[in-house]
A.B. asks: 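Sharing a structure here in structure tokens format.
Along the sequence shown, residues carry numbers from 1. Order of listing sets the numbers, starting from 1, for every ligand and every atom in it.
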Amino acid sequence: MAFDLSRQDTICAPATARGRAAIAVVRWSGRAAFAVRDGIFRRRRSGAAPAALAVRGDVVGDDGAVIDDALCTSFPGPHSVTGEDVVELSVHGGTLIQELVLERLVTLGCRVAEPGEFTLRAVLNGVIDLAAGEAVEAVVGARTTQALAAAQRALRGGLSQSLAPGRERLVDALAELEARLDFPDEPLGDANRTALVTSLTQAGAGLRALVAQARRGRRLQDGARVVLWGAPNAGKSTLLNALVGHERALVHHEPGTTRDAIEAWLDVDGVPVVVVDVAGVRDASADASIHAVEAHGIERARAEVSRADVVVLVQPPGGVAPPPLPDGVTDTARVLRVASKCDLVPVDTLMADAAAHAFDVVLSAHSGVGLDRLLVRLAEDLGQDGEAPLVHTARQEQALRDAANAIDDAVVAVADALPDELACSELRRAARAIDTLLGGDVGEDVLNAIFSRFCIGK
Ligand SMILES: Nc1nc2c(ncn2[C@@H]2O[C@H](COP(=O)(O)OP(=O)(O)O)[C@@H](O)[C@H]2O)c(=O)[nH]1
Ligand SMILES: [Mg+2]
């Protein structure tokens, strides 16, 4: 799919979800927006309407027949969501009316918008920067209060605001160095060199601080992944069900019941969490009774645990210890050791077990004991301290890293008094990387990758 970057067309789309509802909104944006409005909408009362006013009237079809009665709001550009003339028509909810309105708009010359095309136009018309455009989808998709807070902060231009001081340092340094290139007889003095190194080092540190938020930011978007890991029958699926409060996963006393990875969403203190229940891992080669499907499930379990943020090791009383984790998991994931089915054992055995195995949480999915403790531990491990993170996509993280690396190289060049051209070219590279974050300089492929994930009409 290729976007119409020239923005010649007037685009239209439903702005509310299809289906039965009180109201459905259809909107369109572009040069011909107001002319199209005058073709589809007839005011009830005559007289000039002030701009940006909502007026009551009839939606009329090709043959002049009334399709619905509606509220029509006009937003003259450039002070509209897209920066262009925009019209929103609120009609009665219901798929048919929405479709008839869209058909009529197309007859009048509109094109049905691609996913994210309204937001793309807002970016191309300079209403919001690219990072804020990316945040639009994050606002729509936010599952928890913390995810929403972070997305709203980014939507309000938080990233460009935090980048501004660093970018200014960069531009100042570039100006200073470029001036020296023009006047080679007046080289940079030691004091100036030191000041430049200090200033650029601070700019680099600011960028790295943003990079450090990226993992938290992505978790808020995509959900932190908590994988339940243990031998078959340890009580993993029962634990998943107890955590989410309904029978999400099948539970049975036969080992090997869970085969596919089963996901369920949980709100842990405002952090969205995907709890993943997987097949209990046992050695397929050693046990001929293991079905090929279960063996696939075990492979899937290994893949899931390898990308976990937290692994919950589940061990029943007197039962088999959780199988060893694949290499590298403990480098990236936190591990919580959980003793399950504590309702089955007397308290003194339990205490001895807990001491022997250094369990973090002792719980029973049947009685509910210890579940709140597990949630507290998860909240601690996934805790979102400090400000809501502004960086939440891999693209943004990469651009920030590129900029920080280029600044580091420039610092070395300045500190070691290497030719100033070197530092200048690194600083220009850093500035370009920052510009790609905010949208100054990105290709169509990048825009495509970002906006095609949006929903239609956004
Ligand atoms: N008494 C008791 N039994 C449990 C508890 N959790 C699971 N079980 C039982 O243990 C068996 C295996 O449970 P399941 O959740 O399927 O284990 P999984 O293979 O690790 O997913 C089932 O018969 C469950 O009813 C618990 O907290 N208390
Ligand atoms: Mg299971």
A.B. asks: How far is atom 2 (C) of ligand 1 from the closest protein heavy atom, and which atom is that?
C.D. replies: H366 ND1, 3.2 Å

A.B. asks: Which bit of T238 gets closer than 4.0 Å to ligand 1, counting heavy atoms only: side chain, backbone, both or neither?
C.D. replies: both

A.B. asks: Among all protein heavy atoms in this structure, tell me which lies nearest to atom 8 (N) of ligand 1, with the distance rounded to 0.1 Å.
C.D. replies: K341 CE, 3.6 Å

A.B. asks: Would you say NE2 of H296 has more than 12 non-hydrogen atoms from neighbouring residues, nucleotides or ligands within 6.0 angstrom?
C.D. replies: no

A.B. asks: Charged N to carboxylate O under 4.0 angstrom, R37 versus D85?
C.D. replies: no

A.B. asks: Distance from I262 atom CD1 to S237 atom OG, nearest 0.5 Å?
C.D. replies: 6.0 Å

A.B. asks: Judged on heavy-atom distance to atom 21 (O) of ligand 1, which of P322, S364, S237, G368 sits nearest?
C.D. replies: S237

A.B. asks: Residues in side chain to side chain donor-acceptor pair (under 3.5 Å) with R167, at least two apart?
C.D. replies: D435

A.B. asks: If you look at every heavy atom in V244 and W265, which pair is closest and at what distance?
C.D. replies: CG1-O, 4.1 Å

A.B. asks: Could you tell me the residue and atom name of the protein heavy atom closest to atom 17 (O) of ligand 1, and the distance to it rounded to 0.1 Å?
C.D. replies: G235 N, 3.1 Å

A.B. asks: What protein heavy atom is closest to atom 12 (C) of ligand 1, reported as residue, atom name and distance in Å?
C.D. replies: N233 OD1, 3.1 Å

A.B. asks: Using a 4.0 Å cutoff against the non-hydrogen atoms of L344, which atoms of ligand 1 qualify?
C.D. replies: 1 (N)

A.B. asks: Nearest 0.5 Å, what's the CG-CG distance between L382 and D309?
C.D. replies: 6.5 Å

A.B. asks: Hey, could you give me the CG/CD distance between D269 and E380, rounded to the nearest 0.5 Å?
C.D. replies: 10.0 Å

A.B. asks: Could you find the nearest protein heavy atom to atom 1 (N) of ligand 1 and give me its residue, atom name and distance?
C.D. replies: D343 OD2, 2.8 Å

A.B. asks: In sequence, state the C-alpha distance, the side-chain angles, and the governing distance for R208 and D408, and then conclude on salt bridge (charged side-chain N to carboxylate O under 4.0 Å, His left out).
C.D. replies: CA-CA 11 Å; R208 297 229 182 264; D408 287 351; 2.6 Å; yes

A.B. asks: Do R395 and E134 meet the salt-bridge criterion of a basic N to acidic O distance under 4.0 Å?
C.D. replies: yes

A.B. asks: With a cut-off of 4.0 Å, which atoms of ligand 1 are near a heavy atom of A365?
C.D. replies: 27 (O)

A.B. asks: Protein N, O or S atoms less than 2.8 Å from the Mg ion (ligand 2), ignoring waters?
C.D. replies: S237 OG, T258 OG1

A.B. asks: Measure across L243 and L371 and return the closest heavy-atom pair with its distance rounded to 0.1 Å.
C.D. replies: CD2-CD2, 4.3 Å

A.B. asks: Just distances here: any N/O of L250 and N/O of ligand 1 closer than 3.5 Å?
C.D. replies: no

A.B. asks: Would you sort out whether D277 and K236 count as a salt bridge (charged side-chain N to carboxylate O under 4.0 Å, His left out), showing the intermediate values?
C.D. replies: CA-CA 7 Å; D277 175 33; K236 302 179 293 300; 5.6 Å; no

A.B. asks: Is any NZ, NE, NH1 or NH2 atom of the basic residue among K458 and E117 found under 4.0 Å from an Asp or Glu carboxylate oxygen of the other?
C.D. replies: no

A.B. asks: Within the structure, is a non-hydrogen atom of G280 found at a distance of less than 4.0 Å from ligand 1?
C.D. replies: no

A.B. asks: Do ligand 1 and L239 have nitrogen or oxygen atoms that lie under 3.5 Å from each other?
C.D. replies: no

